[in-house]
**Q** 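Just passing along the structure, written as structure tokens.
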Amino acid sequence: MPNTRGEKDACDLLDADHRAVKKLFKEYEELTNSRGRTVAQKKMDLARQICHELTVHAQIEEEMFYPALRDVLKDTDMVAEAEVEHQSAKDLIAQIEGMDAADEMFDAKVKVLGEYVDHHVKEERNEIFPKARSARKLDLVAMRDELMARKEELMGEMA
């Protein structure tokens with residue numbers, strides 16, 4: 001069922017997550033040239049928030065969005081690629097979560113995670129979302145509500 005009423009759909013919800021995390025990466029980047037204990041703590045807090053947001057986002061995509069796409073799309077190569085990208089990001093998230101902001105590799109890992117996410121977001125916006133929106137059997141408005149409910153549940157669990 002295509003979204004002809006102009007309502008926000010699942011892709012809009014996922015893209016809002018993309019924009020929110022991009023903003024967090026930007027805040028982090030602004031702190032990387034500063035020094036001091038309070039800066040290190042702010043960087044640590046931001047990195048934790050970035051990792052948390054991305055973990056929840058990846059989980060709702062993997063549990064609900066990607067399987068729905070697999071059911072309706074003939075060509076699922078892009079979904080498989082997105083899942084591989086998620087795994088790479090999760091590996092980096094695990095490394096970041098096991099580190100301290102004082103580690104010389106910390107900033108580099110957060111920066112590379114941001115680059116992974118930028119690449120992934122471009123592919124979703126330019127390839128996956130348009131295909132999802134043109135799939136007649138996919139009710140993306142209803143899926144938005146399901147994704148939102150699951151996201152809120154996960155955010156509460158991981159807080």
**Q** Quick one: does K90's side chain get under 4.5 Å of Q87's, heavy atoms only?
**A**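 Yes - at least one pair of side-chain heavy atoms lies under 4.5 Å apart.
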**Q** Can you see which heavy atom on D77 is nearest to which on D75, and at what distance?
**A**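 Taking every non-hydrogen atom into account, N-OD1, 3.0 Å.
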**Q** Is there side-chain contact between Y116 and E85, with heavy atoms separated by less than 4.5 Å?
**A**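 Y116 does not reach E85 side chain to side chain.
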**Q** Going by the rule side chain to side chain contact (heavy atoms under 4.5 Å, CB included), which residues pair with M105 if we only count those two or more places apart in sequence or in a different chain?
**A**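 Side chain to side chain contact (heavy atoms under 4.5 Å, CB included) check on M105 returns M99, D103, K109.
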**Q** If I take atom CD from residue Q59 and atom CG from residue L154, how far apart are they, to the nearest 0.5 angstrom?
**A**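 The distance works out to 4.5 Å.
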**Q** Could you measure the distance from the NE2 atom of H86 to the CD atom of E62? Nearest 0.5 Å is fine.
**A**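 Rounded to the nearest 0.5 Å, the NE2-CD separation comes to 5.5 Å.
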**Q** Quick test of your reading of the model: are K43 and D107 salt-bridged, counting only N-O distances below 4.0 Å?
**A**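 A salt bridge links K43 with D107.
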**Q** Should I93 and L113 count as side-chain neighbours, where that means a heavy-atom distance under 4.5 Å?
**A**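 When only atoms from C-beta onward are counted, L113 and I93 do touch, with a gap below 4.5 Å.
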**Q** Using a strict cut-off of less than 4.0 Å between a Lys/Arg side-chain nitrogen and an Asp/Glu carboxylate oxygen, indicate whether E153 and R150 qualify as a salt bridge.
**A**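 R150 and E153: salt-bridged.
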**Q** Is the shortest distance from a Lys or Arg side-chain nitrogen in E83 or R70 to a carboxylate oxygen in the other one below 4.0 Å?
**A**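 A salt bridge is present here (some side-chain N lies under 4.0 Å from a carboxylate O).
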**Q** If hydrophobic clusters are built from ILVMFWY residues whose side chains come within less than 4.5 Å, do L147 and V79 share one?
**A**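 Shared cluster, yes.
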**Q** Are I50 and V56 linked, directly or through other ILVMFWY residues, by side chains that come within less than 4.5 angstrom of each other?
**A**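 No; V56 is not reachable from I50 via cluster members.
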**Q** Is the shortest heavy-atom distance from the side chain of L14 to the side chain of I60 under 4.5 Å?
**A**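 Yes, at least one pair of side-chain atoms sits under 4.5 Å.
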**Q** Does any donor atom in the side chain of D91 or Q95 lie under 3.5 Å from an acceptor atom in the other side chain?
**A**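 The criterion, which ignores hydrogens and geometry beyond distance, is not satisfied for Q95 and D91.
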**Q** Can you get from I128 to L54 by hopping between Ile, Leu, Val, Met, Phe, Trp and Tyr side chains that sit under 4.5 Å apart?
**A**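 The answer is no; the residues belong to distinct hydrophobic clusters.
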**Q** Kindly indicate whether the side chain of L69, heavy atoms from C-beta on, has any atom under 4.5 Å from the side chain of L138.
**A**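 Yes; the side chains approach each other to less than 4.5 Å.
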**Q** Less than 4.5 Å apart, side chain to side chain, heavy atoms only: is that true for E53 and L24?
**A**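 Touching, per the 4.5 Å side-chain cut-off.
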**Q** Are R48 and H52 close enough that some pair of their side-chain heavy atoms sits under 4.5 Å apart?
**A**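 When only atoms from C-beta onward are counted, H52 and R48 do not touch, as no gap falls below 4.5 Å.
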**Q** Mind checking what makes side chain to side chain contact (heavy atoms under 4.5 Å, CB included) contact with E115, not counting sequence neighbours?
**A**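 With sequence neighbours excluded, E115 shows a side chain to side chain contact (heavy atoms under 4.5 Å, CB included) to K111, V112, given in chain and number order.
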**Q** Could you tell me whether the side chain of D15 and the main chain of C11 form a donor-acceptor pair under 3.5 Å?
**A**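 No, D15 side chain to C11 backbone: no donor-acceptor pair under 3.5 Å.
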**Q** Rounded to the nearest 0.5 Å, how far apart are CZ of R133 and CG of D9?
**A**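 The distance works out to 4.0 Å.
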**Q** Group every Ile, Leu, Val, Met, Phe, Trp and Tyr by side-chain heavy-atom contacts under 4.5 Å, then state whether V21 and L13 land in the same group.
**A**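 No, separate clusters.
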**Q** What distance do D118 atom CG and E123 atom CD have between them, rounded to the nearest 0.5 Å?
**A**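 The CG atom of D118 sits 12.0 Å away from the CD atom of E123.
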**Q** May I ask you to decide if the ring planes of H120 and H18 are parallel, tilted or perpendicular, using 30° and 60° as cut-offs?
**A**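 H120 and H18: perpendicular rings.
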**Q** Within a strict 4.5 Å, meaning less than it, do heavy atoms of the K151 and H57 side chains meet?
**A**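 When only atoms from C-beta onward are counted, H57 and K151 do not touch, as no gap falls below 4.5 Å.
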**Q** Hey, are R144 and D12 close enough for a salt bridge, meaning a charged N less than 4.0 Å from a carboxylate O?
**A**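 Looking at R144 and D12, the cut-off is not met.
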**Q** Applying the 4.5 Å side-chain criterion to the ILVMFWY set and letting contacts propagate, would V39 and I96 be lumped into a single cluster?
**A**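 Same cluster: V39 reaches I96 through Ile, Leu, Val, Met, Phe, Trp or Tyr contacts under 4.5 Å.
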**Q** Looking at K42 and D45, is there a salt bridge between them, counting it only when a charged N and a carboxylate O are closer than 4.0 Å?
**A**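 K42 and D45: not salt-bridged.
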